[in-house]
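By convention in this document, chain letters (A, B, ...) are assigned in the order of the sequence lines, proteins followed by strands, and residues within each chain are numbered from 1.
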2 protein chains.
Amino acid sequence: MNSNNVTIYDVAREAGVSMATVSRVVNGNPNVKPTTRKKVQDAIDRLGYRPNAVARGLASKKTTTVGVIVPDISNIFFADLARGIEDVATMYKYNIILGNSDSNRDKEIHLLNTLLGKQVDGIIFMGGRLHEDLVDEFKKSPVPIVLAATLNQGYDLPAVNIDYEQAAYDATEMLIGHGHKQVGFITGPLEQQINGEKKFAGYRRALEDAGLPFQENDVILGNYTYASGLEAMQKMLERDDCPKAIFAGTDEMALGVIHAIQDAGFSVPNDFEVVGHDNTRLATMIRPKLTTVVQPMYDIGAVAMRLLTKILNAEEVEEKNVVLPHRIERRDSLRND
Amino acid sequence: MNSNNVTIYDVAREAGVSMATVSRVVNGNPNVKPTTRKKVQDAIDRLGYRPNAVARGLASKKTTTVGVIVPDISNIFFADLARGIEDVATMYKYNIILGNSDSNRDKEIHLLNTLLGKQVDGIIFMGGRLHEDLVDEFKKSPVPIVLAATLNQGYDLPAVNIDYEQAAYDATEMLIGHGHKQVGFITGPLEQQINGEKKFAGYRRALEDAGLPFQENDVILGNYTYASGLEAMQKMLERDDCPKAIFAGTDEMALGVIHAIQDAGFSVPNDFEVVGHDNTRLATMIRPKLTTVVQPMYDIGAVAMRLLTKILNAEEVEEKNVVLPHRIERRDSLRND
DNA sequence: CATGCGATATAAAACGTTTCCAATTGGAAA
DNA sequence: TTTCCAATTGGAAACGTTTTATATCGCATG
C-alpha cells in the first residue's frame, strides 16, 4: 500500500528501458525521444514511482535543501523573515531545515555543523552577533552562507539588511523635529552591533546634528520584549527631567513604553511621543497606533534567499551586501505636524 | 580548506582499520575495543571528518529529519507551536523541514509529497481542515503522521489538541456568570471544524445550559486577524441590542474587539467584557489586559513531537489522541467577581 | 550500398554510508 | 599446550540515484 520501495530500476523494467533513460525523463533532460518519454511516464504513473531525494542527493551532491539558523522562530520578527525565506525557497524548489539558536554561540556552531552534515546546499543565518568562532566555522563551510537582518561586521559575507544607523537617525530626527530637546532611547542589548553601534550611533548623530546634548541616562537597556519596554519606561518616568519623546528599538518594547506612559496617567501623543522600530503587526494593534521605522522583514528574508539562489546558480551577483530601503510609517503615537 | 570530501574510508586508512570499524565508532557501537576506538577517534579529529548524513540516510533508510507542515509560520500561534516542535526534535536529535501551506489543499499535498520524497522519518501536520484527498495521501504515507492543534475528524490519526468545545463552553459560561443575558461570539471560519463544530457547539451549549436563547446575529465571522475582529465588533456595535459580553475565537481578534469598543467611546470591562482564546503574548500587550482561554501552543507542539518520536521508536503509546488541559487566565478585560 | 554522423539509449561506475556475515583474536578453561 | 567461545574486526553487498563513457539506431550522403 505504500507507494514506497518502487525504484528507478523497477520503472526501467516496466517501461523496457534502462534506468539512465528513466533518470533523464524524471529530470526533464531533452535527449529523449517523445515516444520513449511517454512510455516511461506511463510506467511511472502506473507504479506510483516517487524519486528518492536522498539517493539523488548522494549521487548528485545536491540536496535542494537549505539550512536556516534563526535565534527564535516564535519571535514575530524572525517568523516573518522565515516566511520570506521559505516562500522564495519554494519558488526555487528548495526546502528549508529550520533551527533555533537562541543566539547562543554553541548552539549556533552545533546547528551549523549538523546542517553541513546533512549536506544542505546553502545556509541563511540570523543572529544578533557574529561570534568569532562562528565566523571561523563559516569560513570553513563548503557551501555559501548568507546573513539576513544580521550585520556582517566587516567579514565579507553576503548579507541583507537595512541601514540601521540611518533609520535610527531618521526616527530621532523626526522626534526632534517635533520640538523635543531631549529624546529617550530604549534599546536592545548593546553588545549586539546592530544596537550598540548602528542604532545608537544614529541616535547620537541626530542629537548632535540638532545641537542637543547627549545624556547617558536617556538611554535604557531592554531585551526586546514588551515587559522590558514597560519597565524601562517606568524607570524613566521616575525622573523629574524625563524625556517626552521616546524612540524604542523594537515595536514590542514601544508597546510597553506606551502602556507605561498611559498607566502613569499621561497621554500619547499629547504628553509623550513615541516611535518604534520594525513595523511588525503589533504597530497597529495598539491605541494610539504606533509610528514606527519600517524594516521589511519579509523582504529581507525573501531577498536573502534569492541572493543565495543566485550564488548557488553561479549567477552574476552585482552586490553581495544588500541594503534595503527603510522608511518611517507615521501613525498616531506622533502628533500631527 | 573544506573539511569536506574526507570520507569514512579516509579515516579507516588513517587509523589502520576497516570502514566498518570507523562506522561503529562514529555510531557509538559498544563492540569496539577502547584502544581501537581511541585510534579511530584521533584519526577523525586529525582529518576533521564529518559523517555524510545523506549517505547515511541512504544506507540506513533513516534521515533523522521530520517534516512540519504549517499553515503560516509568520502567524504567532503557529510560530509558537513550531518552537515546541523544534525544541523536542532537537532533544531527540532530529531536524525539521518546515513548509508553509496557507491551509491550501494543493500546497499541502504537494508539500507532503516533497517531504516523503526527501525521506523524512515522520511528519507533523497543522491545518484548519483535513481535506479528504489529503487524508487519502496520509493513509498512503510510509511514515507516521501526527496532527498538532488539528482535529483528526474521525480519522484515526494521532493528534494533540485541547478540548475546544469545553474551552468555548467555559469561556461563555464565565461571561454568563457575570450576569450577561446575551453573549457575542466572534469566530474564525466555520468550515474549519475547530470553529464550526467545536467552539461553536461549546458556545451554544453554554447558552442552552443557562437557559438563554441563541441568536443568529450574535455570531460574527472573522478570519483570525486583528482587523477582522475590529470590523466584526464595529458591526456588532451598530445594533441597539448589542451584546455586552464578547467571546473572541482568537486573541488577535479579541484585541480588535476591545479597540472597536474603546474607539466607540465605551469602556472594557465596565461597559463590555471580553474573553479571548489562545493566550498568545498579545494578551498582555493591551489595556485592559485580556482574559483568555489558555491554549498551550508550545506544549502542543512539544507533545506532538514527543508522540512522534515514540511512534518512531516503536515505544508504547497509551493514547494516540492526546487532549491537553486548558484553563482560563483571568485578566482585566473581565470585571472582578 | 557502404559511410558517417547526430540523436538516443545503455552499461556500469561512482556517491559515502550501514549492516550482515564471516574471519580473526585473545585469553580462560581444560 | 590445546581448545573454545566471546569479543573484535574486516569484507563486501546493499541503498537508489546521477553521470560518464560507450554503444546503437536511423538516415542522409557520396
Nucleotide C:dT17, atom C1' - distance to CG of B:Asp10 in whole Å: 13 Å
Side-chain atoms of B:Leu58 come closest, of C:dT17, C:dG16, C:dA13, to C:dG16
For B:Leu81 versus B:Ala148, what's the shortest heavy-atom pair and its separation? CD2-CB, 4.2 Å
From CZ of A:Arg56 over to P of C:dG16, roughly how many Å is that when rounded to an integer? 18 Å
Taking any heavy-atom pair under 4.0 Å as a contact, classify B:Val26: base, sugar-phosphate, or nothing. nothing
Regarding the side chain of B:Ile8, the nearest nucleotide among C:dT18, D:dT9, D:dT18 is C:dT18
B:Ser60 side chain N/O closer than 4.0 Å to the phosphate oxygens (OP1, OP2) of C:dT17? no
Taking side chain as C-beta onward, heavy atoms only, is B:Leu324 less than 4.5 Å from B:Asn161? no
Using a cut-off of less than 4.0 Å, is there contact between a side-chain N or O of A:Thr7 and OP1 or OP2 of D:dC15? no
Within a reach of under 6.0 Å around CD of A:Glu318, are more than 12 heavy atoms found that belong to other residues, nucleotides or ligands? yes
Could you check how far OH of B:Tyr9 sits from P of C:dC15, rounded to whole Å? 12 Å
Looking only at C:dG16, C:dT10, D:dG16, the nucleotide nearest the B:Asn52 side chain is C:dG16
Looking at C:dT17, D:dA21, D:dA12, which one has an atom nearest to any side-chain atom of B:Tyr49? C:dT17
Between B:Ser23 and C:dT18, is there a contact of a side-chain N or O with OP1 or OP2 at under 4.0 Å? yes
Terminal axes of the helix from C:dC1-D:dG30 to C:dA30-D:dT1 (five pairs each): angle between them, nearest 10 degrees: 60°
Side-chain N or O of B:Lys61 versus OP1/OP2 of D:dG16: is the shortest distance under 4.0 Å? yes
What do you reckon, is CG of B:Asp136 surrounded by more than 12 foreign heavy atoms closer than 6.0 Å? yes
Interatomic distance where NZ belongs to A:Lys62 and P belongs to D:dT18 [whole Å]: 13 Å
Kindly indicate whether the side chain of B:Arg24 and the base of C:dT19 share any N or O donor-acceptor pair separated by less than 3.5 Å? no
Would you mind reading off the distance between A:Arg37 atom CZ and C:dA7 atom P, rounded to a whole angstrom? 15 Å
Compare every heavy atom of A:Val143 with every heavy atom of A:Leu116, then report the nearest pair and how far apart it is. CD2-CG2, 3.7 Å
Partner of B:Asp42 under side chain to side chain donor-acceptor pair (under 3.5 Å), chosen from B:Arg46, B:Lys38, B:Lys39: B:Lys38
Out of C:dA9, C:dT17, C:dA11, whichever nucleotide has its closest atom nearest the side chain of B:Ala55: C:dT17
Nearest to the side chain of B:Met19, which nucleotide is it out of C:dT18, D:dT8, C:dA9? C:dT18
Measure the spacing between CG of B:Leu115 and CD1 of B:Ile124 and express it to the nearest 0.5 Å. 12.0 Å
Here the distance between atom C1' of D:dT8 and atom CG of B:Asn29, to the nearest Å, is 10 Å
At 4.0 Å (heavy atoms only), tell me whether A:Val54 reaches a base, stays on the sugar-phosphate, or touches nothing. nothing
Identify the heavy atoms of A:Tyr94 and A:Thr309 that sit nearest to each other, and give their distance. CE1-CG2, 4.2 Å
Compare side-chain N and O positions of A:Lys33 against OP1 and OP2 of D:dG26 and report whether any pair is under 4.0 Å apart. no
D:dT18 C1' sits how many Å from A:Gln119 CD, rounded? 16 Å
Assign A:Thr21 to base, sugar-phosphate, or nothing according to its heavy-atom contacts below 4.0 angstrom with the strands shown. base
Report the residue from A:Ile73, A:Leu98, A:Asp80, A:Ile85 that forms a side chain to side chain contact (heavy atoms under 4.5 Å, CB included) with B:Ile73. A:Ile73
With the side chain of B:Ala59 defined as its heavy atoms from C-beta on, choose the nearest nucleotide among D:dA13, C:dA9, D:dC15. D:dC15
Could you give the CG-to-C1' distance, from A:Asn31 to C:dT10, as a whole number of Å? 14 Å
Of the listed nucleotides D:dT17, D:dA12, D:dG16, the one nearest the side chain of B:Ala20: D:dA12
